[in-house]
Amino acid sequence: MSTNSRFRPKGRTWPLIWAFLVECGGSTKSTSATSMAVTAALRGYPGVVFDLDSNLSSTLVLGYDETALKGKKTVYDIVRGKATLDEVALPARYRIGDGYGKDAFMEIPNLRVVPSSTDMAGADTAIAEDADRNDWFAEVLHGYEGDDTVFYMDFPASYGKMPYSVLRMLDEEDSVIPSIKADPKDVKMVKRLIDELERVRDKNRGRRSAPGRPTLNHMLLTGTPTASYTEAAARRATELAEALYASVLLPYVRYSADAKKLYEDEAPLPIILPNSVPSVDYRKVMTHLGFPDLTA
């Protein structure tokens, strides 16, 4: 596809950056990042999922476990300056059979994954020991040549040096997207994220080397109540999110007990359960964000 200028704000050469970030574990960041990326890819929008978390959740969902990654470079090699994006990125895929042969997987068109590794647990230390590595993501962006529409950044539940090295490269047209479960505790964690984004903006104010304007433009609330799922905590969380963040709330992603199957089946939700309530809702989210189906 020809790259729409909407995906290259201010005439830059790299795509939109969506940062799925919030400092709480099990918040559905990986589920949302992979579901939205796959939905967009199936609609004709090429993209790249960067798995920055040492637990490899997005990597696994998009077809690669530690066995499949043996001998392959990972995002940790990019962070250390030992590999480029194109040397590391792999075709996103999902499991359809046993083993690791070609007939065990089906590729997902228009989507690549930058796999993680357990070494990413030491990414903050690697950056601290070599100040130049703070620019690893800037190097990826400035060296980029391609037609991807979005870089989907799946973060660990932390605000350390590695997340900072990415956030400092976001402009206001990009978006930090906290994906959180409908739980009052998780909703309250968003305030800490807003404070962290302000810290990044303050630290980079006036610098020419990095935009330094990460912005919470959108927020995803997952596991929201349905006719059969009426948990009081989910209702309270939804009300709290509406009261505090109505201006950035995306269409809700409703609760489904089947949503956890993506890790068991090593396949993204929109593919293994395309008619499930969450898959339908993620399609609504992407339509809301301006990604109509180009293949229809």
Side-chain angles (χ1 to χ4, degrees), residues 16-37 39-40 53 57 150 152-159 163-164 166-167 170-203 205 212-260 269 276-291:
L16 290 174
I17 304 167
W18 289 359
F20 292 82
L21 175 66
V22 68
E23 195 182 29
C24 54
S27 67
T28 67
K29 295 186 295 291
S30 298
T31 300
S32 291
T34 55
S35 295
M36 291 167 66
T39 298
D53 196 340
S57 292
V150 180
Y152 306 85
M153 317 299 295
D154 182 16
F155 284 89
S158 72
Y159 301 143
Y164 171 80
V166 175
L167 292 174
L170 269 65
D171 213 332
E172 289 170 338
E173 289 82 4
D174 301 305
S175 190
V176 177
I177 307 177
S179 177
I180 59 173
K181 289 185 292 187
D183 183 292
K185 173 179 63 68
D186 288 12
V187 174
K188 291 175 182 177
M189 296 292 286
V190 177
K191 174 60 166 62
R192 190 180 299 179
L193 171 60
I194 292 172
D195 291 343
E196 174 63 16
L197 299 184
E198 187 58 34
R199 186 188 74 84
V200 175
R201 293 170 76 99
D202 284 345
K203 193 169 182 178
R205 195 161 278 124
R213 290 182 288 271
T215 305
L216 198 158
N217 289 322
H218 306 292
M219 175 176 160
L220 265 171
L221 197 63
T222 66
T224 59
T226 66
S228 59
Y229 179 73
T230 58
E231 288 290 327
R235 292 199 308 273
R236 290 198 305 272
T238 303
E239 292 168 358
L240 182 61
E242 289 174 348
L244 296 175
Y245 305 112
S247 64
V248 295
L249 273 175
L250 290 167
Y252 294 144
V253 178
R254 292 165 291 173
Y255 174 82
S256 170
D258 292 331
K260 296 178 182 178
L269 198 60
S276 66
V277 165
S279 293
V280 170
D281 290 343
Y282 280 118
R283 289 196 288 273
K284 290 179 181 177
V285 167
M286 294 309 291
T287 298
H288 177 87
L289 290 171
F291 288 72

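All values below were derived from every heavy atom in this structure, side-chain atoms included, with hydrogens, water molecules and symmetry-related copies excluded.
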Applying salt bridge (charged side-chain N to carboxylate O under 4.0 Å, His left out) to Glu198 and Arg205, what does each step give before you reach the verdict?
CA-CA 10 Å; Glu198 187 58 34; Arg205 195 161 278 124; 3.7 Å; yes
Would you give the length of the straight line joining atom [atom1] of [X] to atom [atom2] of [Y], rounded to the nearest 0.5 angstrom?
X	Y	atom1	atom2	result
Met189	Cys24	CE	SG	5.0 Å
Phe155	Phe20	CZ	CZ	10.5 Å
Lys29	Leu220	NZ	CG	12.5 Å
Ser247	Glu242	OG	CD	12.5 Å
Asp183	Thr28	CG	OG1	11.0 Å
Tyr245	Ile180	OH	CD1	8.0 Å

Can you tell me which residue pairs pass the salt bridge (Lys or Arg N to Asp or Glu O under 4.0 Å) test with a partner in residues 213-224, sequence neighbours excluded?
Asp171-Arg213
For Lys191, which residues count as a salt bridge (charged side-chain N to carboxylate O under 4.0 Å, His left out) partner, sequence neighbours excluded?
Asp195
Atom of [X], atom of [Y] and distance for their closest heavy-atom approach:
X	Y	result
Ile17	Met153	CG2-CG, 3.7 Å
Pro184	Leu240	O-CD2, 4.2 Å
Leu221	Ala182	CD1-CA, 4.0 Å
Val187	Ala237	CG2-O, 3.8 Å

Restricting to ring pair (Phe, Tyr, Trp, His ring centres under 6.0 Å), what partner residues turn up for Tyr255, sequence neighbours left out?
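Result, ring pair (Phe, Tyr, Trp, His ring centres under 6.0 Å) vs Tyr255: Tyr229.
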Could you check if a side-chain atom of [X] sits within less than 4.5 angstrom of a side-chain atom of [Y], using non-hydrogen atoms only?
X	Y	answer
Leu170	Thr215	no
Tyr152	Leu16	no
Thr31	Val253	no

Applying side chain to side chain contact (heavy atoms under 4.5 Å, CB included), run through Val176 and Leu193 and close with a yes or a no.
CA-CA 9 Å; Val176 177; Leu193 171 60; 4.0 Å; yes
For atom CZ of Arg199, decide whether the heavy atoms of other residues, nucleotides or ligands shown that lie under 6.0 angstrom number more than 12.
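Counting neighbours around CZ of Arg199, more than 12 heavy atoms of other residues, nucleotides or ligands fall under 6.0 Å, so yes.
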Residues pairing under ring pair (Phe, Tyr, Trp, His ring centres under 6.0 Å) where one sits in residues 171-193, two or more places apart or in two chains, turn out to be none
With no hydrogens and no angle check, is any side-chain donor or acceptor of Asp174 less than 3.5 Å from a backbone partner on Pro214?
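It does not hold such a pair.
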Tell me, please, which residues at least two apart from Asp154 pass side chain to side chain donor-acceptor pair (under 3.5 Å).
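For Asp154, the residues satisfying side chain to side chain donor-acceptor pair (under 3.5 Å) (neighbours in sequence not counted) are Ser30, Ser58.
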Check residues 278-287 and write down every donor-acceptor pair under 3.5 Å in which the side-chain atom is one partner and the other belongs to a residue at least two apart or another chain.
from, atom 1, to, atom 2, distance (Å)
Ser279, OG, Leu269, O, 3.2
Ser279, OG, Leu273, O, 2.7
Ser279, OG, Ser276, OG, 3.1
Asp281, OD1, Arg254, NE, 3.3
Asp281, OD1, Arg254, NH2, 2.9
Asp281, OD2, Arg254, N, 2.8
Asp281, OD2, Arg254, NE, 2.9
Tyr282, OH, Ser32, OG, 2.8
Arg283, NH1, Pro274, O, 2.9
Arg283, NH2, Pro274, O, 3.0
Thr287, OG1, Arg43, NH1, 2.8
Thr287, OG1, Arg43, NH2, 3.3
Thr287, OG1, Arg283, O, 3.1

